[in-house]
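Have a look at the structure below before the remarks.
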Amino acid sequence: MSIGFFIVGGIIFSIYMFFTVWGILYSSKKQKDENYPNIAKKK
């Protein structure tokens, strides 16, 4: 096993975790917008 396997695996895992967290946050925001459309958005 070379260090290259760990580097490639770490990169793939990082990309996977990024899209997992992004998907959770995106779906949470979309669900909030659909369920509570009258609440004013804070900016």
Side-chain angles (χ1 to χ4, degrees):
M1 290 282 211
S2 71
I3 192 75
F5 285 114
F6 293 107
I7 293 172
V8 171
I11 291 170
I12 292 171
F13 180 73
S14 298
I15 292 170
Y16 170 76
M17 288 305 296
F18 170 77
F19 282 111
T20 300
V21 172
W22 179 79
I24 291 169
L25 295 176
Y26 176 77
S27 64
S28 172
K29 182 180 182 299
K30 188 171 177 84
Q31 184 179 16
K32 190 187 334 179
D33 291 342
E34 289 176 357
N35 291 337
Y36 305 105
N38 297 328
I39 296 177
K41 294 181 181 177
K42 295 180 181 179
K43 288 188 178 183

Is there a path from I7 to I15 through hydrophobic residues (I, L, V, M, F, W, Y) whose side chains come within less than 4.5 Å of each other? yes
Parallel, tilted or perpendicular for W22 and Y26, by the 30°/60° rule? parallel
Looking at CD of E34 and OG of S27, how far apart are the two atoms once the value is rounded to the nearest 0.5 Å? 10.5 Å
Inter-residue atom distance T20.OG1 - F13.CZ, 0.5 Å rounding: 8.5 Å
Is I12 linked to I3 within one hydrophobic cluster, defined over Ile, Leu, Val, Met, Phe, Trp and Tyr using a side-chain heavy-atom separation of less than 4.5 Å? no
Shared-cluster residues of V21, by chain and number - hydrophobic side chains joined below 4.5 Å: L25
